[in-house]
Amino acid sequence: MIDSLSAGVLIRYFNAIQNSNSGKDKALKLIQYTIRLLTKLLSRHSLAAALDKFLQRLANLERAISISRNVFSFANSFESLIGALDALAIADDSLRVWSVISHSARFVHLSADHLHLLQKIKVAHVSDVLSLWVNRLWILSSLLSLAKNLRHLKLLCGSVSPLFLVARKV
């Protein structure tokens, strides 16, 4: 049965399962940032020396939640890959190119970020400069996404209806 399924169907199915975790991620992010804020506030308190062990435990908890959120987000890179494949159907040539490049760069960034997570939790060692490259790929991905969005905005402001952005059926 698995042989008859295409890779796209499997990726979409895996992505649908991952999307159900977005609410869980938001709740974990709220808890993580609350703990981070509490740690910062307590570390500036006059009793910080007495609370040292407690603050260390809070910091460890915040790091564990951060790693958990990263593990839960492993499939998000497939969303970018699907976006790149879907962008091939855009009728406007320049928007199609910007969209494919933007989604592909995001996929590469998220994949490198996952490798960085594996290195951070000491499952694998890829490179000593991986974190630097993850940051560079994030900047590149963000800039390409901005360029894609500006091109899309230019098309929309140029009185081109969004319905014409989808490839015409022959």
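This structure is a prediction, so every number in the text was calculated from the model and none was measured.
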Calculate, to the nearest 0.5 Å, the distance between atoms CD1 and CG belonging to I82 and D86 respectively. 7.0 Å

Side-chain touch I101/V97, heavy atoms, less than 4.5 angstrom: yes

Spell out, as yes or no, whether a donor-acceptor pair under 3.5 Å connects the side chain of E62 to the backbone of Q32. no

Interatomic distance, R136 atom CZ to S131 atom OG [nearest 0.5 angstrom]: 10.0 Å

Rounded to the nearest 0.5 Å, what separation is found between the NZ atom of K148 and the CG atom of L150? 11.0 Å

Work out which heavy atom in A87 is nearest to a heavy atom in H103; give both atom names and the distance. CB-CD2, 4.5 Å

What are the two closest non-hydrogen atoms of V134 and A112, and how far apart are they? CG2-O, 3.5 Å

Please report the shortest heavy-atom distance between Q119 and L130, naming the atom on each side. OE1-CD2, 3.7 Å

Contact summary for L88 and R96, nearest pair of heavy atoms: O-CD, 3.4 Å

Please check this pair: side chain of D113 against backbone of H109, looking for a donor-acceptor N/O pair closer than 3.5 Å. no

Taking it one step at a time, do R151 and D92 satisfy side-chain contact (heavy atoms from CB on, under 4.5 Å)? CA-CA 10 Å; R151 177 61 185 150; D92 183 74; 3.4 Å; yes

F54 side chain reached by L42 side chain, heavy atoms, under 4.5 Å: yes

So which heavy atom on A59 is nearest to which on T39, and how close? N-OG1, 4.4 Å

Tell me yes or no: between the side chains of N60 and R57, is some donor less than 3.5 Å from an acceptor? no

Is there a side-chain contact (heavy atoms from CB on, under 4.5 Å) between L153 and C157? Walk through the geometry before answering. CA-CA 6 Å; L153 182 63; C157 291; 4.0 Å; yes

At what distance, to the nearest 0.5 angstrom, does CG of L115 lie from OG of S127? 10.5 Å

In terms of heavy-atom contacts, I90 and L95 come closest through CG2-CD2, 4.0 Å

Start with the C-alpha distance between L30 and T34, add both sets of side-chain angles, then the distance that settles side-chain contact (heavy atoms from CB on, under 4.5 Å), and finish with yes or no. CA-CA 6 Å; L30 176 66; T34 303; 4.1 Å; yes

Distance-only side-chain donor-acceptor flag, S141 / R106, under 3.5 Å: no

